[in-house]
Amino acid sequence: MDTTEIVVIVGGVALIALVLWFFFGERESVAAVVTDEGVQEIKVTVKGGYSPDVIVVKKNVPVRLDFYRDETSSCSEQVIFGDFGIARDLPAFKTTPIEFTPDKSGEFTWTCGMNMLRGKLIVQES
Ligand SMILES: [Cu+2]
């Protein structure tokens, strides 16, 4: 094997690892911060996905998720929290607060209107 072949193989393996991580890897989860008013607040940037896309909150404490949509792609124009009966339009380049109080614990997926972009809300027993 010459150097070029080795570089190609190493590059290929790295690419496969990256693809696997992207689709199946454990994402970093972010805990919401409790404000003075006792609201668990976190800012989520919407741009080809959600960042952060795993958010940890406590049950029975009000939650405010500030979705800032940093794009005009029609894919992300709506966000849906099906488990909590929430569907909201997200105007481009604006922050849209989504407020609710999670009354059940567990892991809940939120999606865009087409079920393509996904995020996960982890509600822990308080
Ligand atoms: Cu979409």
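What you see is a predicted model; the values in this text were computed from it and never measured.
Within the structure, salt bridge (charged side-chain N to carboxylate O under 4.0 Å, His left out) pairs that include any residue of residues 106-116 comprise Glu107-Lys120 (at least two apart or interchain). Each side-chain hydrogen bond (donor to acceptor under 3.5 Å, both in side chains) pair with one or both residues in residues 35-48, not counting sequence neighbours, appears once here: Glu41-Arg64. Here side-chain hydrogen bond (donor to acceptor under 3.5 Å, both in side chains) pairs that include residues 73-93, with residues two or more places apart or in two chains, are Arg69-Ser76, Glu71-Ser76.
Ala32 approaches Val57 most closely through the heavy-atom pair CB-CG1, 3.8 Å. Closest heavy-atom contact between Thr96 and Pro91: OG1-CD, 3.1 Å. The shortest non-hydrogen separation linking Ala92 to Thr72 is CB-CG2, 3.9 Å. Nearest heavy atom pair, residue Val61 against residue Gly38, reads CG1-O, 3.5 Å.
Thr101 meets the side chain to side chain contact (heavy atoms under 4.5 Å, CB included) test with Pro62; sequence neighbours excluded. Under the rule for a salt bridge (Lys or Arg N to Asp or Glu O under 4.0 Å), the partners of Glu125 that lie at least two apart in sequence or sit in another chain are Lys59. Listed by chain and number, the residues in a ring-ring contact (aromatic ring centres under 6.0 Å, His included) with Phe108 are Phe84 (sequence neighbours excluded). Lys104 meets the salt bridge (Lys or Arg N to Asp or Glu O under 4.0 Å) test with no other residue; sequence neighbours excluded.
Considering CG of Asp53 and CZ of Arg118, their distance stands at 11.5 Å, rounded to 0.5 Å. Gln124 contributes atom CD, which lies 9.0 Å from atom OG of Ser105 (distance to the nearest 0.5 angstrom).
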Does the side chain to side chain contact (heavy atoms under 4.5 Å, CB included) test come out yes or no for Asn60 and Asp103, once each step is laid out? CA-CA 5 Å; Asn60 292 331; Asp103 56 359; 4.2 Å; yes
Begin from the C-alpha positions of Val56 and Val30 and carry the test side chain to side chain contact (heavy atoms under 4.5 Å, CB included) through to its verdict. CA-CA 6 Å; Val56 180; Val30 178; over 6 Å; no
Given the rule in the side chain to side chain contact (heavy atoms under 4.5 Å, CB included) test, do Tyr50 and Val79 qualify, once you have shown the distances and angles that lead to the verdict? CA-CA 10 Å; Tyr50 301 106; Val79 67; 3.9 Å; yes
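Side-chain atoms of Ile55 and Ser29, non-hydrogen and from C-beta on, never get closer than 4.5 Å to each other.
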Please list every donor-acceptor pair under 3.5 Å in which a side-chain atom of residues 3-14 meets a protein atom from a residue at least two apart or in another chain.
| from | atom 1 | to | atom 2 | distance (Å) |
| --- | --- | --- | --- | --- |
| Glu5 | OE1 | Asp2 | N | 3.1 |

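Val34 and Leu65 fall into different hydrophobic clusters, where Ile, Leu, Val, Met, Phe, Trp and Tyr side chains are chained together by heavy-atom contacts under 4.5 Å. Phe67 is not connected to Ile80 by any chain of hydrophobic side-chain contacts under 4.5 Å among Ile, Leu, Val, Met, Phe, Trp and Tyr, and they are in different clusters. When the side chains of ILVMFWY residues are joined at heavy-atom separations under 4.5 Å, either directly or via intervening members, Val54 and Leu117 end up in two distinct hydrophobic clusters. Under a hydrophobic clustering in which Ile, Leu, Val, Met, Phe, Trp and Tyr are joined whenever their side-chain heavy atoms come within less than 4.5 Å, directly or via other members, Val63 and Ile122 fall into different clusters. Using a 4.5 Å cut-off between side-chain heavy atoms of Ile, Leu, Val, Met, Phe, Trp and Tyr, with links allowed through other members, Leu90 and Ile86 fall into the same hydrophobic cluster.
If you chain together ILVMFWY residues whose side-chain heavy atoms come under 4.5 Å of each other, Tyr68 ends up grouped with Phe93.
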